[in-house]
Enquirer: 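My questions will all concern the structure given below.
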Amino acid sequence: MKYEIKKFKDGQVAAKITESGDIHIKIRGNSYEDLFRAAAIKEAWDAENSTNKTATAKLTIFCLIGQRSDRRFNKGESFDLKIICKFINDMKFDSVAILHPHSPISLALIHNAEKISHVDYVEKAFNEIGNPVLVSPDAGAYKTTHEIAEKLNADLVPSNKVRVDGAPVISIQGDVKDKQCLIVDDLADGGRTFKFLAEALKKQGAAKVYLYVTHAQFNYGFDELKESIDHIYCTNSYKDIDDDFVTQFKLEGL
Ligand SMILES: O=P(O)(O)OC[C@H]1O[C@@H](O)[C@H](O)[C@@H]1O
């Protein structure tokens, strides 16, 4: 299946199917425009395939917009992930694959959804560094990082973050003295979580601190991370980054 995309000057996106067959659309999915582009392609494809019941349609989303807004945080506020997932469901794909979603709520809200694991990318970083200890930064990351540690036969040091009088207090549950540490998490937006954790690890004698995040957003605070983190590993699910401080694993289709 092949298609063309056209963008009008007012922002409207339109699609045209130029060759029929099964469809597999791969998008970052980190903007509403990306989702509308997928919807345009799928609508055109549906019209072309209305009599072809064997053709299948698959959507891969590398960095789902709103994945952290997985509940109504406060009364009166919108539940954004619910709106986004409803939009995706309306496209009626046969299957939707999502790379390392922030929480299982995305998978629960999207019909026929499956997770793409980040294990391969963590493994690449793990091998490049040379068997570091994995560090899970909070309770949310513990479960998936524990699974990865088992697969890679790596040591895991869980850490936890609580706020005392508004300030983050980090507790590291293991010995990191003279060790190379690889913090593993889903995404970095400002990176403050990792800056504080890296400082705490170094205070406890860690030789080097590396960070792996699947979704390297770095919308702010990027340069500050260079003070406490030795190197960052990530994918280009959110954007391409050209910086010696970062090793980016390129995703096929982006
Ligand atoms: O400190 P920043 O980068 O803003 O936030 C990243 C952390 O916030 C959580 O939602 C993510 O799962 C990650 O643990």
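Computed from a prediction, not measured in an experiment: that's the story for all the values here. In listed order, ligands and their atoms are each counted from 1. Residues: numbered from 1 along the sequence shown.
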Enquirer: Would you mind running through ligand 1 and noting each atom that sits below 4.0 Å from a heavy atom of R192?
Expert: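 Here the atoms of ligand 1 in question are 1 (O).
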Enquirer: Tell me, please: is G191 in heavy-atom contact with ligand 1, that is, under 4.0 Å?
Expert: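 It does; at least one heavy atom falls under 4.0 Å.
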Enquirer: Give a yes/no verdict on a cation-pi contact between K42 and F93, requiring under 6.0 Å between NZ or CZ and the six-membered ring centre and an angle within 45° of the axis.
Expert: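 Cation-pi check for K42 and F93: passes.
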Enquirer: Inspect the contact between E147 and K151 and indicate whether a charged nitrogen and a carboxylate oxygen are less than 4.0 angstrom apart.
Expert: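 The answer is no: the pair does not qualify as a salt bridge.
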Enquirer: Given D186, D70, L225, identify the one with the heavy atom nearest to atom 11 (C) of ligand 1.
Expert: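 Residue with the shortest heavy-atom distance to the ligand atom: D186.
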Enquirer: Under 4.5 Å between any side-chain heavy atoms of I25 and R37, yes or no?
Expert: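 Side-chain contact under 4.5 Å: no.
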Enquirer: Can a side-chain donor-acceptor contact be found between H215 and S237 if the only test is distance below 3.5 angstrom?
Expert: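 Yes.
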Enquirer: Can you name the nearest heavy-atom pair linking D46 to M91, along with the distance?
Expert: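 Here D46 and M91 meet closest at OD2-O, 4.4 Å.
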Enquirer: Check H102 against ligand 1 and report side chain, backbone, both or neither, counting heavy atoms closer than 4.0 Å.
Expert: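 Within the 4.0 Å criterion, H102 contacts ligand 1 through side-chain atoms alone.
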Enquirer: Among all protein non-hydrogen atoms, which one is nearest to atom 8 (O) of ligand 1, and what is the separation to 0.1 Å?
Expert: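 Answer, as residue, atom name and distance: R68 NH1, 3.1 Å.
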Enquirer: List every atom of ligand 1 that sits less than 4.0 Å from any heavy atom of A188, numbering the atoms from 1 in the order shown and giving each element.
Expert: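 Close to A188: 3 (O).
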Enquirer: Could you tell me the residue and atom name of the protein heavy atom closest to atom 14 (O) of ligand 1, and the distance to it rounded to 0.1 Å?
Expert: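 The closest one turns out to be D185 OD2, 2.5 Å.
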Enquirer: Any idea how Y233 and Y210 line up, ring-wise: parallel (<30°), tilted (30 to 60°), or perpendicular (>60°)?
Expert: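 Plane angle between 30° and 60°, so tilted.
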Enquirer: Show, in sequence, the C-alpha distance, side-chain angles and deciding distance for F87 and F36, and conclude whether the ring-ring contact (aromatic ring centres under 6.0 Å, His included) test is met.
Expert: CA-CA 9 Å; F87 185 84; F36 265 88; 4.8 Å; yes
Enquirer: Atom 6 (C) of ligand 1: which protein heavy atom is closest, and how many Å away?
Expert: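 Nearest protein contact, heavy atoms only, for atom 6 (C) of ligand 1 is L187 O, 3.4 Å.
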Enquirer: Counting from 1, what ligand 1 atoms have a heavy atom of D138 closer than 4.0 Å?
Expert: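 Close to D138: 14 (O).
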Enquirer: Which protein heavy atom lies closest to atom 4 (O) of ligand 1, and at what distance to 0.1 Å?
Expert: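 So the nearest neighbour among protein heavy atoms is G190 N, 3.2 Å.
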Enquirer: Between K124 (side chain) and D120 (backbone), is there a donor-acceptor pair under 3.5 Å?
Expert: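 Flag not set: sc K124 to bb D120 has no pair under 3.5 Å.
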Enquirer: Please report which non-hydrogen protein atom sits nearest to atom 7 (C) of ligand 1, along with the residue it belongs to and the distance in Å to one decimal place.
Expert: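 Result for atom 7 (C) of ligand 1: T193 OG1, 3.7 Å.
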Enquirer: Work out whether the distance between some heavy atom of P137 and some atom of ligand 1 is less than 4.0 Å.
Expert: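 Contact absent.
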